[in-house]
Every structure is written in structure tokens, then in C-alpha cells.
Amino acid sequence: MSERLTCTIAEGIARLTLNRPEKRNALDGETVAALHRAIDDVERDAGVRVIAVQGAGADFCAGADLAQLERIAEGAGVLENLDDATALGELFIRMRRARQPIVALVHGNAIAGGAGLATACDVILAREDAVFGYPEVQLGFVPAMVMALLRRSLGEKRAFELVARGERITARHAHDLGLVNHVYPRSSFEEEAHAYLRGFAARSASAIRLTKRLLYGMDGLSFEEAIARGAEVNVLARNTEDCRQGVRDFLARRKS
């Protein structure tokens with residue numbers, strides 16, 4: 001895919017690996033573009049049921065590339081900065097719209113843009129030694145786009161504390177806050193994370209796709225509108241072959 005990103009597919013699982021370990025998998029424009037292209041590619045593969053995002057080496061992703069920070073310090077123009085920010089924001093939107101669930105496998109540091117990338121995934125699985133943080137405010141910067149995700153994931157007060165104080169937190173603390181779904185021991189992380197991914201791969205692709213679309217499509221809807229949208233998706237699900245076969249199998253088990 002790119003020197004900065006590798007992709008392997010097996011057992012219905014596409015693993016996208018940030019491949020700049022010497023840079024702690026820092027995000028630059030090329031890496032962001034490679035992630036966007038990779039999601040486009042694997043989404044078209046009917047055999048892929050779940051996408052995992054992970055990092056090579058010691059860290060998941062330590063944030064923005066140093067060259068990008070240098071451009072900011074040297075006074076890059078408004079349009080250049082807008083292009084950088086827009087590209088990352090479009091990646092976050094693309095991840096949310098992907099047909100398959102996207103799972104972050106986090107070890108080591110997930111800091112700043114790296115924490116944002118993990119947060120943009122549908123699920124976060126963390127190794128017990130993982131560290132998360134949104135420290136942009138300490139540089140006079142703002143983790144602006146990730147706030148749209150954090151506010152929905154954690155609520156206003158917890159999201160504000162994370163981005164306004166910029167402190168690093170452990171995987172366990174992130175789990176307690178509701179940011180991380182599961183924390184696994186270092187010794188069994190790969191095994192348990194793979195088993196989790198296989199669980200997604202074993203489920204109905206159409207049901208997962210409709211579930212993800214409905215959940216995120218409820219943003220901004222009133223209660224009545226959300227119920228109506230749910231009824232529409234309910235009808236769509238009933239008309240998929242996966243649902244029909246699942247109901248037939250269930251009824252057959254009840255009769256046996």
C-alpha cells in the first residue's frame with residue numbers, strides 16, 4: 001500500500017499497520033492519505049468483515065510528524081494548514097462511514113493525533129501498558145476535530161478534562177472513562193485481540209453494516225426521528241438473506 005502503511009488480510013480481518021517505527025508511527029500527510037486509500041480498498045473486498053488499525057514497533061502512534069510541527073512553528077500559511085487539518089478530518093469521517101467495523105489495537109503510546117486516530121475507530125482494544133493523551137493544549141494548540149468524537153464517546157465533562165488539561169492516562173483509566181472497550185495483559189494481548197476480531201468476522205456483514213450506519217446516523221436526531229430511522233433499518237435488515245437464514249436456523253433449532 002505504502003512504505004508508511006502495510007495491509008494483510010486473513011480470516012476476514014484486514015490489518016492496517018502504521019509502518020514508521022523509527023518515527024513512532026507519527027502521522028504525516030502521506031500516512032493519512034495511505035490510510036484513506038487502504039480503507040477504500042479493503043471496503044470493496046467482500047471477504048473483509050473487520051478492519052484493525054495497529055502500529056509497528058514500540059508505539060501505536062505518537063501524534064503529528066515533526067516536519068508538520070516545524071511548519072506550524074515557522075508560520076505555514078492558512079491554506080496549507082487547512083489542507084492538513086481537512087485531510088485528517090476527512091479520514092475520521094471515512095472511518096465512521098466504512099461498511100466494516102474498525103478496531104484500534106493500541107500498545108505503547110497513542111498521543112495527540114495518534115489518540116485521535118484511535119478514538120476515530122469504532123472500538124479500541126488496549127494493551128495494559130498503553131498510554132493515551134491529547135496534550136495539544138500544552139503547545140498552545142487545540143485537539144479540535146477529535147472533540148467531535150470525544151464528546152459523543154465520553155460526554156462533555158470528561159471530554160473537556162481530557163483535552164483542556166492534556167494529561168496522559170493509562171489504559172485502565174481510559175477504560176474506566178469509557179474511551180477504551182477492553183484492556184488485555186501484555187502477555188496475551190495479541191491472542192485476545194485476534195479472538196475479538198474473529199468474533200466480528202463471524203457475524204453477519206449486512207447486520208454489522210446496518211448497525212453501524214444506524215448508530216452514527218442518529219446524531220442530531222430527535223427521539224421520534226431516531227425511532228423512525230430504526231424502524232426503516234429494521235425493515236431493511238428483515239429483507240437481507242443473512243436475516244432470513246438466521247431466522248430459519250433459529251426456528252429449526254426450536255423445533256428440533
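Side chains included, hydrogens not; waters and symmetry mates left out as well; all remaining heavy atoms used.
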More than 12 heavy atoms of other groups within 6.0 Å of [X] [atom1]:
X: R94; atom1: CZ; answer: yes
X: Y216; atom1: OH; answer: yes
X: R248; atom1: CZ; answer: yes
X: E161; atom1: CD; answer: no

query: Side chains of N25 and R4: do they bring a donor and an acceptor to under 3.5 Å?
result: no
message: Checking E192 against H182: is there a side-chain donor and acceptor pair closer than 3.5 Å?
response: no
task: Apply side chain to side chain contact (heavy atoms under 4.5 Å, CB included) to F132 and T119, showing your working.
output: CA-CA 10 Å; F132 297 82; T119 307; over 6 Å; no
If you look at every heavy atom in [X] and [Y], which pair is closest and at what distance?
X: N19; Y: L5; value: CB-N, 4.1 Å
X: A205; Y: D242; value: N-OD2, 3.8 Å
X: H36; Y: E90; value: CE1-O, 3.8 Å
X: G114; Y: L27; value: N-CD1, 4.5 Å
X: V142; Y: M147; value: CG1-CE, 3.6 Å

query: Should E30 and R20 count as an ion pair when the cut-off is N to O under 4.0 Å?
result: no
task: For the pair R96 and D219, find out whether any cationic side-chain nitrogen is under 4.0 Å from an anionic carboxylate oxygen.
output: yes
query: So which of I102, D41, I39 actually passes side chain to side chain contact (heavy atoms under 4.5 Å, CB included) with L16?
result: I39
query: Can you name the residues that form a side chain to side chain contact (heavy atoms under 4.5 Å, CB included) with A120, not counting sequence neighbours?
result: F92, M95, L149
